[in-house]
Amino acid sequence: MEIKSVKDGSRLTVSPEGRIDTVTAPDFSAFLKENIDGVTELVFDMKKLKYLSSAGLRELMNTQKIMLKQGKMKFINVNEVIMDIFDMTGLTDVFDIEE
């Protein structure tokens with residue numbers, strides 16, 4: 001997994017590439033914890049994410065809890081594979097997903 005990000009004022013766009021799974025979720029979590037202080041708009045660009053496990057979903061849900069207190073969080077460019085995972089887990093009703 002590779003994580004690219006762009007910060008523009010209080011907006012942070014995070015673009016994970018590859019897989020967020022049991023092995024990479026701790027690194028993903030650490031990256032988010034280090035970078036979301038002061039962020040009021042968190043955008044996940046999911047275009048290049050190939051796989052998302054339950055460990056990755058857990059990190060996204062934990063981040064959602066934080067962002068509900070300090071701003072907003074949304075997903076853009078969600079590919080079919082990741083959208084299927086969001087659909088199967090019911091997270092399409094929880095997350096702000098821009099189509």
Side-chain angles (χ1 to χ4, degrees):
M1 176 196 62
E2 185 177 340
I3 304 170
K4 295 182 179 177
S5 65
V6 175
K7 190 159 188 187
D8 182 14
S10 63
R11 176 186 168 122
L12 176 65
T13 302
V14 177
S15 305
E17 297 181 13
R19 299 170 56 93
I20 302 175
D21 55 24
T22 306
V23 173
T24 60
D27 292 336
F28 185 62
S29 176
F31 173 86
L32 292 171
K33 287 177 183 167
E34 290 172 13
N35 289 282
I36 64 171
D37 273 351
V39 171
T40 59
E41 184 178 2
L42 179 59
V43 179
F44 286 101
D45 185 340
M46 307 299 267
K47 185 175 187 175
K48 294 185 178 180
L49 189 64
K50 303 289 183 220
Y51 178 76
L52 183 64
S53 75
S54 60
L57 287 171
R58 185 170 39 256
E59 295 308 327
L60 291 175
M61 291 179 350
N62 288 338
T63 303
Q64 171 83 346
K65 288 179 190 174
I66 293 167
M67 291 308 299
L68 285 172
K69 295 176 185 171
Q70 69 186 50
K72 60 184 176 177
M73 179 173 115
K74 72 177 177 178
F75 294 86
I76 62 171
N77 299 320
V78 179
N79 63 51
E80 188 176 326
V81 171
I82 303 305
M83 187 59 85
D84 285 347
I85 293 167
F86 285 170
D87 280 336
M88 286 187 296
T89 56
L91 291 173
T92 52
D93 295 332
V94 175
F95 291 150
D96 180 5
I97 302 170
E98 190 175 287
E99 296 191 35

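Residue indices begin at 1 and follow the sequence shown.
Between Ile3 and Phe28, the closest side-chain pair of non-hydrogen atoms falls below 4.5 Å. Considering only heavy atoms from C-beta on, Val39 comes within 4.5 Å of Gln70 through its side chain. In this structure the side chain of Met1 reaches within 4.5 angstrom of the side chain of Asp27, judged on heavy atoms. Proximity of Met73 to Thr63: side-chain heavy atoms (C-beta onward) are separated by under 4.5 Å at one or more points. Counting only heavy atoms from C-beta outward, the side chains of Leu32 and Phe44 approach each other to under 4.5 Å. Put simply, the side chain of Pro16 reaches to within 4.5 Å of the side chain of Met46, judged on heavy atoms.
In Glu80, the CD atom is not crowded: 12 or fewer heavy atoms of neighbouring residues, nucleotides or ligands sit closer than 6.0 Å. Other residues, nucleotides and ligands place more than 12 heavy atoms under 6.0 Å from the NZ atom of Lys7.
Under a hydrophobic clustering in which Ile, Leu, Val, Met, Phe, Trp and Tyr are joined whenever their side-chain heavy atoms come within less than 4.5 Å, directly or via other members, Val94 and Leu57 fall into the same cluster. Placement of Ile76 and Ile36 in two distinct hydrophobic clusters is found when ILVMFWY residues are connected by side-chain heavy-atom separations under 4.5 Å, directly or transitively. Clustering ILVMFWY residues whenever any of their side-chain heavy atoms sit less than 4.5 angstrom apart, transitively, puts Ile66 in the very cluster that holds Met61. Val43 and Val14 are not part of a single hydrophobic cluster, where members link through side-chain heavy atoms under 4.5 Å apart.
Between Gly56 and Ile20, the shortest heavy-atom contact is CA-CG2, 3.5 Å.
To the nearest 0.5 Å, atom CG of residue Leu52 and atom CD of residue Glu59 are 10.5 Å apart. Here the OG-CG distance, from Ser10 to Asp37, works out to 13.0 Å after rounding to the nearest 0.5 Å. Note: Thr13 OG1 to Glu41 CD = 7.5 Å, rounded to the nearest 0.5 Å. To the nearest 0.5 Å, atoms CG (Leu42) and CD (Gln64) are separated by 9.0 Å. Here the CG atom belonging to Asn79 is positioned 7.0 Å from the NZ atom belonging to Lys50, to the nearest 0.5 angstrom. Atom OG1 of Thr40 sits about 6.5 Å away from atom CE of Met67, to the nearest 0.5 Å.
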Residue pair Phe75, Ile82: steps toward the side chain to side chain contact (heavy atoms under 4.5 Å, CB included) verdict: CA-CA 11 Å; Phe75 294 86; Ile82 303 305; over 6 Å; no

Check against side chain to side chain contact (heavy atoms under 4.5 Å, CB included), Ile97 and Met83: CA-CA 9 Å; Ile97 302 170; Met83 187 59 85; 3.5 Å; yes

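Ring-plane geometry between Phe86 and Phe95 is classed as perpendicular, the angle between the planes exceeding 60 degrees on a 0 to 90 degree scale with a lower cut at 30.
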